[in-house]
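For reference, the structure is listed below as structure tokens.
These values consider heavy atoms only, across backbone and side chains, with no hydrogens, waters or symmetry-generated copies.
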Amino acid sequence: MKWAFLPKFALAKAMKTSTLSPVAPSQRFVILDALRGFALLGICLANYPEFSLYTFLPAEAADAMPLATADRWARCLLYALVDGKFYTLFSLLFGIGFSIIMGNALRKGADGMRIFYRRMAVLTVIGLLHLMLLWSGDILMLYALLGMLLPLFRNASNRSLLTWAAVLLLLPACVDAVQALCGFDLSAPAVERQWEWCARFGITEDNFAYWLRDARDYTGVLQFLVQGAWERMYEFIEGNRYFKVLGLFLVGFWIGRNRLYVKLDDLRPRLRLVTLVGLLWSLPLSALYSWSAVGGHPWGKMAHTLLYTLSVYPLALAYLTALCLLFLLTKEARLWRWIAAPGRMALSNYIGQTLVGILLFYGVGLGWGASAGLLHTELIALAVYALQVLCSRLWLARFAFGPLEWLWRMLTYGKPLSLRQRR
């Protein structure tokens, strides 16, 4: 369906009487929060090898770990089953969230665009602070900036949305092919800037993996974060991340616009089909993608990107539909309230994973960095996630929003909101 706008006189009248406010907890959809909570688990598993500094270790240091063989298997499994899949889920959910914000604003006669852009502006600031003050792996700022493009598609037909999404998701392989044929690298300037900043601070290839572990004050962390911001820019350009994220936003927008998440019972046959085909199709390709990633792209960058496209998105969709089917079978189970709890405060938990990672692995904290193998790192990530589930349940028993969600909503709507849960 297309967005239906109110007549001007009705819109003006409604804007006088409507009150702009965020979605109340009672109006939330458990399956969306559960999917967000599930995605947080994957994000934690994907990010903690970088927090623990394992990702940066030279090959000889990683091979000297006590469980080096198990670590190599864990790395292959991470590429096959985790890498890219959970940020794909988050991106789809972001697009769904946009459709909900727009739908609620338009039903209340409010200015949906103003609300949305203010929301994205606040998220941009949060992402920038996260990137420059805490962790170079931030994704929030990219989400916010690309999210500002979503209103351009609000009146597009369903077919146009999916066509644009398909083009954007296939573009990275085309860009890589052009770069390979023409012999240039779009990300090279970002790499040069990164190493210029490294040289200013004395960060070298020899101490890169240990810099944050050896940093005894926050100044050393900030120095690493400056060069890390350039490294993040390199990762976005080299991976064509902006095309991928926007394409996934549009798929999520299509899902949200058609309110598929409230029609799950009617969609059971299609959910089963997507789960079955997605698993059968993507698991063998995911194994090839993992082999290519671990082996340093032996078939070339374009082939690796194509493997990513053909394996990551179908498997992420299979995860999504499988979880929806499980939800339909066990709707009343208490498990869903536990999984949904961290999803209801996903922003706070995402930043919380960063803070715990700093505390555990950096020199300004416990200094465990560069000493834990990959398998140990993932066990720590599971423990961190379990703690977040418990803390989220306890927090939401008393409060309506997560702490950062509360701040985000107040800045978005420009008015004080009660943090305490209404009884």
Side-chain angles (χ1 to χ4, degrees), residues 31-52 54-55 74-97 127 130 135 137-140 142-143 146-147 169 232 235-236 239 241 244-249 251-252 255 261 274-275 278-279 282-283 285-287 289-290 293 307-324 326-327 338-354 356-357 374 377-386 388-389 392:
I31 184 58
L32 295 183
D33 288 328
L35 286 168
R36 243 178 243 107
F38 177 63
L40 273 170
L41 168 61
I43 294 295
C44 197
L45 292 172
N47 288 344
Y48 261 59
E50 188 162 321
F51 282 121
S52 75
Y54 179 87
T55 300
R75 187 179 178 214
C76 291
L77 287 173
L78 278 174
Y79 274 118
L81 302 178
V82 175
D83 185 59
K85 286 77 175 176
F86 291 89
Y87 108 77
T88 294
L89 286 180
F90 252 126
S91 301
L92 293 173
L93 290 162
F94 189 97
I96 294 172
H130 186 224
W135 187 48
D138 173 75
I139 195 70
L140 298 176
L142 181 68
Y143 271 29
L146 290 177
L169 293 176
R232 191 60 169 162
E235 291 171 353
F236 286 157
R241 186 72 68 90
K244 298 174 183 177
V245 169
L246 185 56
L248 293 168
F249 282 178
V251 176
I255 292 171
Y261 51 89
V274 172
T275 301
L279 292 174
S282 58
L283 285 176
L285 289 172
S286 292
Y289 168 72
S290 176
L307 278 173
Y308 180 100
T309 303
L310 296 176
S311 64
V312 167
Y313 304 137
L315 189 53
L317 285 174
Y319 287 167
L320 185 150
T321 52
L323 205 66
C324 288
L326 183 60
F327 176 75
W338 284 90
I339 298 176
R344 280 181 57 186
M345 42 190 292
L347 177 61
S348 296
N349 281 313
Y350 177 71
I351 301 295
Q353 288 176 4
T354 296
V356 174
L374 185 57
T377 294
E378 295 301 4
L379 290 174
I380 292 171
L382 287 173
V384 170
Y385 177 74
Q388 288 192 312
V389 172
S392 297

Hey, does [Y] have a side-chain heavy atom less than 4.5 Å from the side chain of [X]?
X    : Y    : result
S392 : N349 : yes
E235 : R241 : no
L140 : L347 : yes
L89  : F86  : yes
Y308 : D83  : yes
Y261 : L35  : no
L374 : T55  : no

Which value, rounded to the nearest 0.5 Å, describes the distance between [X] atom [atom1] and [Y] atom [atom2]?
X    : Y    : atom1 : atom2 : answer
I339 : I31  : CD1   : CD1   : 9.0 Å
T377 : L382 : OG1   : CG    : 11.0 Å
L246 : L146 : CG    : CG    : 6.0 Å
D138 : Y143 : CG    : OH    : 10.5 Å
L326 : F38  : CG    : CZ    : 10.0 Å
L310 : Y289 : CG    : OH    : 12.5 Å

Which atoms form the tightest heavy-atom contact between [X] and [Y], and what is the distance?
X    : Y    : answer
L45  : E378 : O-OE2, 2.8 Å
A34  : L323 : O-CD2, 4.3 Å
T275 : A322 : OG1-N, 3.4 Å
F249 : S91  : CD2-O, 3.3 Å
V82  : A46  : CG1-CB, 3.9 Å
G352 : Q388 : C-NE2, 3.9 Å

Worksheet entry | Geometric cation-pi criterion, K244 with Y87: 6.0 Å, 45° |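 That pair does not qualify as a cation-pi contact.
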Worksheet item: Can you list the steps and then say if L92 with L317 is a side-chain contact (heavy atoms from CB on, under 4.5 Å)?
Response: CA-CA 9 Å; L92 293 173; L317 285 174; 4.0 Å; yes
Between the main-chain N or O of [Y] and the side-chain N or O of [X], is there a donor-acceptor pair closer than 3.5 Å?
X    : Y    : answer
K85  : Y79  : yes
S290 : C76  : yes
Y319 : L81  : yes
Y350 : I139 : yes

Worksheet entry | Stepwise side-chain contact (heavy atoms from CB on, under 4.5 Å) test for S52 and I380 | CA-CA 10 Å; S52 75; I380 292 171; over 6 Å; no
Discussion item. Could you check whether Y54 and Y48 have their ring centres less than 6.0 Å apart?
Written reply: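 So the answer is no for these two rings.
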Item to complete: Go through the steps to decide whether R232 and L142 satisfy the test side-chain contact (heavy atoms from CB on, under 4.5 Å), and finish with yes or no.
Response: CA-CA 11 Å; R232 191 60 169 162; L142 181 68; over 6 Å; no
Worksheet entry | Between S282 and Y313, a side-chain donor and acceptor under 3.5 Å |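 The answer is no; no qualifying pair exists.
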Fill in: Partner of L279 by side-chain contact (heavy atoms from CB on, under 4.5 Å), out of L315, T321, V274
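Of L315, T321, V274, side-chain contact (heavy atoms from CB on, under 4.5 Å) with L279 is met by L315 alone.
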